[in-house]
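For reference, the structure discussed in these notes is given below.
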Protein chains: 2
Amino acid sequence: MVKRTSFEGDSCPIARSLEAIGDWWSLLIIREAMLGLRRFGEFQSKLGMAKNILSARLRSMVDHGILTTAPASDGSAYQEYVLTPKGRGTFPILVALRQWSEEFDDHPEEIATILVDSDKGRPVRKLELRAQDGRLLSPADTMLKPRPAPRRRSA
Amino acid sequence: MVKRTSFEGDSCPIARSLEAIGDWWSLLIIREAMLGLRRFGEFQSKLGMAKNILSARLRSMVDHGILTTAPASDGSAYQEYVLTPKGRGTFPILVALRQWSEEFDDHPEEIATILVDSDKGRPVRKLELRAQDGRLLSPADTMLKPRPAPRRRSA
DNA sequence: GCCATATGGTTTTATGATGCAACCACACAA
DNA sequence: TTGTGTGGTTGCATCATAAAACCATATGGC
């Protein structure tokens, strides 16, 4: 088989995420959904992507529990695609991608938008990773530990 | 042309990130590099990916300034691939992907590792997005604003 | 009712990307 | 010289993607 290697059974959580949203379009669809788009045609015209691909992606994300199809909203017999909590949970990923571009892109002047807090209208801070006790952590301050084995008996 | 649509000129910072690291393998390669892998063979055997694909990805990431080729280190006439600051800057993206799996994956018991702070050995907190004044922000507390036009004259 | 048009897709077909295996180049060792 | 390991490149089969055509169901005009 040549089967574009699936990460489904992989034990790495990053690989598992990529399995669901690691393709070209999914995160952009989620981004648009986060901004309020709901209808097939809206996504299609906004993103300019092929309709068959959009169709496949939407279905895949529905299967993964990232989107749900809501029956209507304006009566028009069609369905809408709305984010589930799992879908909205990708927000930090989108922000991280955005901030990475803002910080390291070779042509940051081409970036058209900035993310601000809607209350004050000022740019948000960089995402920060903290320890349980609140210390700010850099990559070097972290390490991976094997997950404790699930206790079978006393669950 | 069918040319797998490039996001290179896109003004959306998320699309721009995906252009560089939005494919199947790049983030996994970066993850391994973050853990200390450096040599072609190490990546290849650890990730189990085809050598030609690895070769293409490494070259692409070098072109994007995410990796650099260092001439040696153990004398063996070959080169090593090490992360640049831009490459290390993807850390929050990896953490965000990891945490999304941890929170929403259907089979979280299959996730083998947890990210801890190396000082205390305790799991890290969730990534948090804050406003300039320190308020914790949810997706709904944020909005996108057009970037202020670059002033040509008084730069 | 009848035709035109918009929406929301699916099907068809062509090409680029990926996966695998084979091959090549180089370094080093026996 | 031959052998072996590393670091790739090349060919070919298959998969995914893109573009466009096609289809089904409303909606609107007449």
Side-chain angles (χ1 to χ4, degrees), chain A residues 1-10 15 18-29 32-33 36-64 67-82, chain B residues 1-10 15 18-29 32-33 36-64 67-82:
Chain A
M1 293 304 129
V2 195
K3 275 304 288 178
R4 192 222 193 95
T5 54
S6 162
F7 303 131
E8 198 146 20
D10 200 300
L18 294 177
E19 176 70 21
I21 54 173
D23 64 284
W24 263 146
W25 289 108
S26 291
L27 281 169
L28 295 177
I29 294 170
E32 296 304 331
L37 297 202
R38 296 169 151 254
R39 309 269 303 231
F40 187 95
E42 291 178 323
F43 290 111
Q44 206 266 318
S45 61
K46 189 78 193 305
L47 290 170
M49 64 190 293
K51 296 201 293 177
N52 55 343
I53 306 295
L54 175 58
S55 181
R57 287 294 139 237
L58 289 174
R59 200 173 336 155
S60 162
M61 290 202 284
V62 169
D63 290 347
H64 276 95
L67 294 172
T68 325
T69 52
S73 130
D74 67 339
S76 61
Y78 296 112
Q79 52 192 351
E80 299 184 339
Y81 299 89
V82 295
Chain B
M1 292 305 128
V2 194
K3 275 302 290 179
R4 190 215 192 97
T5 52
S6 161
F7 303 132
E8 197 146 22
D10 200 300
L18 293 176
E19 175 69 24
I21 54 172
D23 64 282
W24 263 146
W25 290 108
S26 291
L27 280 169
L28 295 177
I29 294 170
E32 296 304 331
L37 297 203
R38 296 167 152 256
R39 307 270 301 234
F40 187 95
E42 290 178 325
F43 290 111
Q44 205 266 318
S45 61
K46 189 79 194 301
L47 290 171
M49 63 189 295
K51 296 202 294 178
N52 54 346
I53 306 294
L54 175 57
S55 180
R57 287 293 140 238
L58 289 173
R59 199 172 337 155
S60 162
M61 291 202 283
V62 168
D63 290 347
H64 276 94
L67 294 172
T68 325
T69 53
S73 131
D74 67 340
S76 61
Y78 295 111
Q79 52 190 352
E80 298 184 337
Y81 298 90
V82 295

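Numbered from 1 within each chain, the chains take letters A, B, ... in sequence-line order.
The shortest side-chain heavy-atom distance between B:Thr68 and B:Tyr81 does not fall under the 4.5 Å cut-off.
Screening residues 47-56 of chain B for side chain to side chain donor-acceptor pair (under 3.5 Å) gives B:Ser55-B:Arg59 as the qualifying pairs, with residues at least two apart or on separate chains.
When rounded to the nearest whole Å, the span between CG of B:Leu58 and P of C:dT18 equals 13 Å. Here the C1' atom of nucleotide C:dA6 and the CZ atom of A:Phe40 are 14 Å apart, to the nearest Å. One interatomic measurement links the two molecules: CE of B:Met49 to P of C:dT18, which rounds to 9 Å at whole-angstrom precision. The distance from atom OH of A:Tyr81 to atom C1' of C:dT7 is 12 Å, rounded to the nearest whole Å. To the nearest angstrom, P of C:dG19 lies 11 Å from CG of B:Leu54. Nucleotide C:dG19 holds its P atom 12 Å from the CD atom of B:Gln44, rounded to whole Å. Distance B:Glu19 CD to C:dA17 C1': 14 Å, rounded to the nearest Å. Separating the CD1 atom of A:Ile53 from the C1' atom of C:dG16 is a distance of 12 Å, rounded to the nearest angstrom.
Listed pair B:Arg59 / D:dG8 fails the phosphate criterion, with no side-chain N or O lying under 4.0 Å from OP1 or OP2. In this model, the phosphate group of C:dG9 is not approached by any side-chain N or O of A:Ser55 to a distance below 4.0 Å at OP1 or OP2. Close to D:dG8, at under 4.0 Å from its OP1 or OP2, lies a side-chain N or O of B:Gln79. For B:Arg39 and D:dT6, the shortest distance from a side-chain N or O to OP1 or OP2 is not below 4.0 Å. A sub-4.0 Å separation between OP1 or OP2 of D:dT17 and a side-chain N or O of A:Arg57 is present. Contact annotation: A:Trp25 does not reach the phosphate of D:dT17 (side-chain N/O to OP1 or OP2, under 4.0 Å).
In this structure, CD on B:Gln44 lies 10.5 Å from CG on B:Leu58, to the nearest 0.5 angstrom. Considering CD1 of A:Ile53 and OG of A:Ser60, their distance stands at 12.0 Å, rounded to 0.5 Å. Note that CZ of B:Arg57 is 13.0 Å distant from CG of B:Leu47, once rounded to the nearest 0.5 Å.
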Between protein and nucleic acid, restricted to nucleotides 21-23 of chain C and to nitrogen or oxygen atoms under 3.5 Å apart, what atom pairs and distances do you find?
none

For A:Ile29 and A:Met49: C-alpha separation, side-chain torsions, deciding distance, then whether side chain to side chain contact (heavy atoms under 4.5 Å, CB included) applies. CA-CA 10 Å; A:Ile29 294 170; A:Met49 64 190 293; 4.3 Å; yes
